[in-house]
Amino acid sequence: MTTQCLLDAKEALETLDLAKISRIYATDFIFEDIPGREVINDQAALHGYFSRLFALPGVAFSDIRIFDGGTFAALEWT
């Protein structure tokens, strides 16, 4: 993962930019929503996930932390 890619993901969450967050993911990826016990590995499902999430009343992301593991990354938010 590149630093810019991770910063773009952070910005997409902060601005609820569905198009931007969808473009960030590589062709082969695994997205895990740990609290929701959901694992996503295709673009259509990922788009649907963030579409539903961003549509929640009053949704906002704060305290976004980036963890870069080189070949993987994680974002944690409140």
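- Closest non-hydrogen pair, Ser51 versus Leu18, comes out as N-CD1, 3.7 Å.
- Under a hydrophobic clustering in which Ile, Leu, Val, Met, Phe, Trp and Tyr are joined whenever their side-chain heavy atoms come within less than 4.5 Å, directly or via other members, Leu56 and Ile21 fall into the same cluster.
- Between Ile24 and Asp8, the shortest heavy-atom distance links the atoms CD1-C, 3.6 Å.
- Atom-to-atom distance recorded for Arg52:CZ and His47:NE2 is 10.0 Å, nearest 0.5 angstrom.
- Taken from CZ in Arg65 to CH2 in Trp77, the straight-line distance is 13.5 Å, to the nearest 0.5 Å.
- Using a 4.5 Å heavy-atom cutoff, the side chains of Asp17 and Phe54 are not in contact.
- Minimum interatomic distance between Ser22 and Gln43 (heavy atoms only, all atoms of both residues): O-OE1, 3.3 Å.
- Shown here are the salt bridge (charged side-chain N to carboxylate O under 4.0 Å, His left out) partners of Glu11, two or more places apart in sequence or in another chain: Lys20.
- Within the structure, the ring-ring contact (aromatic ring centres under 6.0 Å, His included) test picks out the following pairs touching residues 3-28 (sequence neighbours left out): Tyr25-Phe29.
- Taking the six-membered ring for Trp and the full ring otherwise, Phe31 and Phe50 have centroids separated by under 6.0 Å.
- When all heavy atoms are compared, the tightest approach of Glu32 to Val39 is CG-CG2, 4.1 Å.
- For the pair Thr78 and Phe61, the minimum side-chain heavy-atom distance is 4.5 Å or more.
- Heavy atoms only, all atoms of each residue included: Ile66 and Leu7 are closest at CD1-CD2, 4.0 Å.
- Residues Glu76 and Ile64 are not in side-chain contact: their nearest non-hydrogen atoms beyond the backbone lie 4.5 Å or more apart.
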